[in-house]
Amino acid sequence: MKHLLCVDDLYNLTKSGRISNTGALIGNLLRVKPIMSMKDTKGAIVAKVRGTNKALKYYVEEFQQRYDSKWTNFIIIGYSNDKSIANDLKEKIKLKTDFLGKIHIMQMGVAVGTHVGLGGLSLFFMEKENM
């Protein structure tokens with residue numbers, strides 16, 4: 001299972017000690033969106049993009065490159081408070097990939113939503129082996 005998670009406001013990462021207040025201030029000014037995933041059984045930042053549109057583009061490219069067409073018959077897009085971002089991602093996946101399965105959109109649970117904060121976006125799908 002591949003999981004991508006994007007944070008909109010970096011101040012939520014200061015609360016968990018992942019970045020400093022100065023880093024959050026500079027990152028927010030530059031509209032940096034860290035994209036996180038599991039790496040070696042730990043959460044890690046796998047990419048940094050500037051702006052929501054580039055984050056959505058990254059999600060689509062990663063999905064297209066990594067999803068296993070034999071095993072992936074559905075994907076899940078999660079959002080913390082803004083369903084329109086999740087709908088945008090859904091439409092981009094439909095337009096730019098050959099994926100024909102079901103795309104579920106659901107609000108994140110409180111545990112993840114608390115850490116991610118407002119504007120968070122996640123994507124779950126079955127990944128090819130050995131990626």
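Reckoned from all heavy atoms, side chains included, excluding hydrogens, waters and symmetry mates.
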Here the pair of heavy atoms bringing Pro34 nearest to Leu10 is CD-CD2, 3.3 Å
With a cutoff of under 4.5 Å between side-chain heavy atoms, which Ile, Leu, Val, Met, Phe, Trp and Tyr residues group with Ile93? Leu4, Ile35, Val46, Val49, Leu56, Tyr58, Tyr59, Val60, Phe63, Tyr67, Ile75, Ile77, Tyr79, Ile85, Leu89, Phe99, Ile103, Ile105, Leu121, Leu123, Phe125
Provide the closest heavy-atom pair for Gln65 versus Lys128 in the form atom of the first, atom of the second, distance. O-NZ, 3.4 Å
State which residues pass side chain to side chain contact (heavy atoms under 4.5 Å, CB included) with Leu30; sequence neighbours excluded, sorted by chain then number. Ile26, Val32, Arg50
Using side chain to side chain contact (heavy atoms under 4.5 Å, CB included), reason through Met126 and Met1 one step at a time and then give a plain yes or no. CA-CA 4 Å; Met126 293 301 290; Met1 176 67 74; 4.1 Å; yes
Tyr11: hydrophobic cluster co-members (side-chain, 4.5 Å): Leu25, Leu29
Tell me, please, which residues at least two apart from Lys102 pass side chain to side chain contact (heavy atoms under 4.5 Å, CB included). Phe74, His104
Do the side chains of Phe124 and Trp71 join up, straight or via other hydrophobic residues, at under 4.5 Å, putting them in one cluster? yes
Residues in side chain to side chain contact (heavy atoms under 4.5 Å, CB included) with Ser80, at least two apart? Met108
side-chain hydrogen bond (donor to acceptor under 3.5 Å, both in side chains) partner of Ser37, chosen from Glu62, Glu127, Lys2: Lys2
Show me the pairs that pass side-chain hydrogen bond (donor to acceptor under 3.5 Å, both in side chains) and involve residues 20-32, at least two apart or across chains. Asp9-Asn28
My understanding is that only residues two or more places apart in sequence, or in another chain, count here; which of them pass side chain to side chain donor-acceptor pair (under 3.5 Å) with Thr72? none
Please list all pairs passing the side-chain hydrogen bond (donor to acceptor under 3.5 Å, both in side chains) test where one or both residues lie in residues 81-90, with sequence neighbours left out. Asp82-Ser84
Side chain to side chain contact (heavy atoms under 4.5 Å, CB included) partners of Met36, counting only residues at least two apart: Leu5, Val7, Leu13, Ile45
